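One structure is given below, encoded as C-alpha cells.
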Amino acid sequence: MSEGTESAALAELAKRRGFFFGSSEAYGGVGGFYTYGPQGAALKSNVEEAWRDRFAVQEGNLEIEAPTIMPEPVFEASGHLDGFDDMLVECAECGESHRADHLIEDNSELEDAETLSPEEAAEKIADLGLVCPNCGAELAGQSVEEFNLMFGTNIGPGSKTPGYLRPETAQGIFVEFPRIKEYARNRLPFGVTQVGRAYRNEISPRKNIVRTREFTQAELEQFIDPERDEPDLSSVEDVEVRLYPATEQQDDDGDYLDTTIGEAVDEGIIANGWVGYYLGIAQEWYEHIGVDMERFRFRQHLPGELAHYAADCWDAESEVDGDWIEIAGFAYRGDYDLSKHGEHADDDFTVFQQYDEPKTVERAVVDPDMATLGPEFGAQAADVAEALETLAERDPDAFDADEVTLDIDGEAVTVDTDVANFSVETQTEAGEHITPHVVEPSFGVDRTVYTLLVHAYEQDEVDGEARTFLSLSPTIAPTNVGVFPLVSNVDELVDLADDVAEELRAAGFAVVYDDSGSIGRRYRRQDEVGTPFCVTIDRDGIEGAGDTTVTIRERDTGRQVRVPVDSLVETFVGLRAGTTSFDDVLDANEVVEA
Ligand code: GAP
C-alpha cells in the first residue's frame, strides 16, 4: 500500500470492524481520546498479556498496580511540574493550538526541533513562513510558550490537595520503592513492572491512537547497583538488531548499523549492558507478536533530545505511512528518580548493600562541645553542630586550621576547631547505603497495537474478488477461530458446530460462530478482523466410516486441511503458541484442495 494511505485505510477498517474509534462521538467527540471496540479491546489485551508474560513472568520481575492520580509533591520531586512541557504556538486567527516543534519538523529538514528554545522556535516559524494548518493564517510573530502536559485535579473537596493524573506509570513504581524493596528483601538487582493508563494533555493529538491524551504504557523499572550488577547477556548476545546510533544520525552519510546485541555492547555502541539486554529481549518480542521487522529499528536519542531524567536512551521505532514512530523507549535513568524522591519525601529510597567482607575504614568524626556552642550561637547551635559533622565527612583537612567557616542559612559563621573535638576513628563497616540506578524499558501499548494493525493490513484477490485481510499473528489475534456449519438447516451439522465452538471456548479460545451468508462471505468477514483460522463443518466430515472430521482453513493462504474433530483443541494450542506451523498440520492430515 502506498505511503500516506495506510493510516486512512486502517482508520476506516478500525471503525467499521470494531477495533477503535474516536470516543464520545455522540456528543461531537473530543480530540485525543479513543474507545477500543470488541476486536481492538481483545487485541490490546492480548498484547498486554504477551508483554506481561515476557517482561514480568519470564524475567521474574514484580508487577504492581498503583493509582493513576498522585499528589502534587510527587511531581515536584520527579521534575514533571517544572519540566514536562511541550512548545505551544497558537493561531491568532482561528485560535487553534499547535505543537511548534512538530510544525517545524513537518515543514523543514530539521529532525530535532524539540531541542530549540521557545524563542528559537518562534524565529524558525517566522523564517520558514509557516502558516496555521487549520486556517492558513501566518504564524510569524506569534509567541511560542512552554505548555505543561499534566492534567491537574483536586483531591477531595476544595483546593487544599492538588493532584495530577500520572503522565507515566513509572512514578507509581518509584514512589513505592521503600515498600517494594522490602518485598524484594533489599536485594539488588530486581525489576518492577506496571501496565496501566497514563495521561498527557497533548497539544495536538495525531495519527489516531499514536498520539492520544489517555494511553496505556507497559513499563519496567530495573533497579541495579551500577558498581556490581551486570546482566547475563548470554541469551541475547546473538540477537540481530538494526541500530541507528546518534553519531550516524548526525553524519551526512549516516547509515544503519546491522549488528548483534553482543557486538554492540562490547564495542560501547550501546553503553549500558542492561539497556542492551532489554533491547535484545524487545527485538525478539516484537518479532514474536508480529511486527514487520523490515519496518523496525532502534534509534538512539540525540543529546538534546534526552528527557530530563535520562543519561542515554534508545527508542524502538516502527515505520508507518513512511514515518518512523516511537513505540518504546529504553532509558538509562541513573539514580535521578530515587535520589529526587529521597530528597523530597520522608522515607528511605536507598538499599543497604552488604560488602563481601566487612571493611575497616578510617572515618573523620566530630563531637562538638555544646557547652561552648550553646552560649556562643544560641538558637543556631544545633545547626552549627550539624554543619561541623557534614564538613568533617566532606573535607576533614579543613580541621587542620585553627578555625573553620560554615554556611548557616546563608550566613558565614566562624568556629574554633578546638570546639569541634575532631578525630579520625577506625571503624568496621558491614556495607553501605546506595541509591540504586534505574534502567527503564517503557512500551506504548497503543502504538504497538497500531503498528501491528498497519503492518498486518494486506490486500489481495481471491476467486477474482478483492480481499482485505489482517495478517495478525495467531498469538495476539483478537479472535482465534471462526466456526462455520456449511449449511444451517441440517441439525447434525449445526449440533456439531455448536459442540466445536463450545469445546474451543472451554479451552480458552476466542471463537466467532457464524452461520449466515455464503461461506466465502463468512471467510471475508473473519479475514478482515485477522482471525487466523476458520473451521468448517460439512457433510463429508460426519458421513461414512472413521473419525468425525472438520476442515481448517488458514487465513493468509486459503490452504485447507481436514482434521479429526478430536484433535482440534491440541492443534489450535500449538498454532496459537507458534509451536506448530500450518505446514505441520498439513503434513499430518489430509489436504483439501480449495
Ligand atoms: N517512563 C518513560 C516514559 O514515559 P515516554 O517516551 O514519554 O517515556 C513511553 O513514553 C512510551 O509511551 C512511548 O514510547 C510511546 O510508545 C508511549 N506514549 C507516550 N506518549 C504517548 C501518547 N501521547 N499517546 C500514545 N502513546 C504515547
Side-chain angles (χ1 to χ4, degrees), residues 20 22-23 31-34 36 40 44 47-48 51 55 66 68 70 74-75 78-80 83-86 99 101-102 114 147-151 164-175 191-222 275 278-279 282 285-286 291 296-302 305-318 320 323-334 336-338 340 438-452 454:
F20 58 81
S23 72
F33 293 92
Y34 279 82
Y36 286 93
K44 180 166 174 279
V47 170
E48 287 169 13
W51 188 91
F55 289 89
T68 55
M70 301 170 92
V74 169
F75 300 110
S78 69
H80 286 89
F84 199 57
D85 302 325
D86 276 342
R99 235 182 103 165
D101 53 329
H102 284 174
E114 66 187 288
F147 174 77
N148 192 289
L149 297 185
M150 284 198 296
F151 282 101
Y164 294 88
L165 278 77
R166 64 184 182 196
E168 56 173 3
T169 64
Q171 292 308 320
I173 298 178
F174 297 137
V175 165
V192 183
T193 67
Q194 180 163 215
V195 180
R197 297 284 180 154
Y199 302 83
R200 297 183 189 175
N201 200 1
E202 297 285 354
I203 295 169
S204 36
R206 58 180 180 176
K207 271 209 169 141
N208 49 67
I209 58 171
V210 169
R211 185 174 298 282
T212 57
R213 292 181 166 134
E214 176 175 351
F215 53 97
T216 301
Q217 290 185 318
E219 299 201 291
L220 193 174
E221 310 302 328
Q222 178 74 50
V275 171
Y278 281 115
L279 292 185
W285 182 73
Y286 280 124
V291 169
F296 179 88
R297 68 183 185 188
F298 289 116
R299 187 183 69 82
Q300 189 177 25
H301 276 208
L302 295 166
E305 201 186 336
L306 288 167
H308 59 276
Y309 49 73
D312 188 19
C313 188
W314 289 80
D315 283 345
E317 295 189 331
S318 67
V320 169
D323 285 336
W324 287 96
I325 59 167
E326 173 199 334
I327 54 176
F330 300 77
Y332 187 71
R333 295 177 76 127
Y336 177 87
D337 306 280
L338 296 186
K340 287 286 175 198
V438 172
V439 175
E440 181 196 61
S442 169
F443 290 67
V445 174
D446 311 80
R447 290 186 188 178
T448 306
V449 166
Y450 190 72
T451 298
L452 290 172
V454 170

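We count residues from 1, following the sequence as given. Since the model is a prediction, treat every value here as computed from it, not as a measurement. Atoms within each ligand, like the ligands themselves, are counted from 1 in listed order.
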Taking [atom] as the reference point, the nearest protein heavy atom with its distance:
{"atom": "atom 17 (C) of ligand 1", "result": "Gly444 CA, 3.7 Å"}
{"atom": "atom 18 (N) of ligand 1", "result": "Phe215 CE1, 3.5 Å"}
{"atom": "atom 15 (C) of ligand 1", "result": "Arg447 NH1, 3.6 Å"}
{"atom": "atom 9 (C) of ligand 1", "result": "Ser442 OG, 3.0 Å"}
{"atom": "atom 24 (N) of ligand 1", "result": "Thr212 N, 3.0 Å"}
{"atom": "atom 5 (P) of ligand 1", "result": "Arg200 NH2, 3.9 Å"}

Do Tyr36 and Asp446 get their side chains close enough for a donor-acceptor pair, meaning under 3.5 Å? yes
Give a yes or no on whether a salt bridge exists between [X] and [Y], defined as a side-chain N under 4.0 angstrom from a carboxylate O.
{"X": "Arg197", "Y": "Glu219", "value": "no"}
{"X": "Glu440", "Y": "Arg333", "value": "yes"}
{"X": "Arg447", "Y": "Glu317", "value": "no"}
{"X": "Arg200", "Y": "Asp86", "value": "no"}

Restricting to heavy atoms, the pick from Glu168, Gln217, Arg213, Arg166 nearest atom 12 (O) of ligand 1 would be Gln217
Would you mind finding which of Glu202, Glu219, Glu326, Glu214 brings a heavy atom closest to atom 1 (N) of ligand 1? Glu219
Ile327 to ligand 1, any heavy atom closer than 4.0 Å: yes
Is ligand 1 less than 4.0 angstrom away from at least one heavy atom of Val210? yes
Is there a side-chain contact between Asp312 and Gln300 (heavy atoms, below 4.5 Å)? yes
Enumerate the atoms of ligand 1 whose separation from the nearest heavy atom of [X] is less than 4.0 angstrom.
{"X": "Arg333", "answer": "1 (N), 2 (C)"}
{"X": "Ala328", "answer": "14 (O)"}
{"X": "Glu440", "answer": "1 (N), 2 (C)"}

Is it possible for you to check whether Arg297 lies under 6.0 Å from the centre of the six-membered ring of Trp324, through NZ or CZ, and within 45° of that ring's axis? yes
Could you check Arg166 against His80 for side-chain hydrogen bond (donor to acceptor under 3.5 Å, both in side chains), going step by step and ending with a plain yes or no? CA-CA 10 Å; Arg166 64 184 182 196; His80 286 89; over 6 Å; no
Which value, rounded to the nearest 0.5 Å, describes the distance between Phe151 atom CZ and Tyr164 atom OH? 13.0 Å
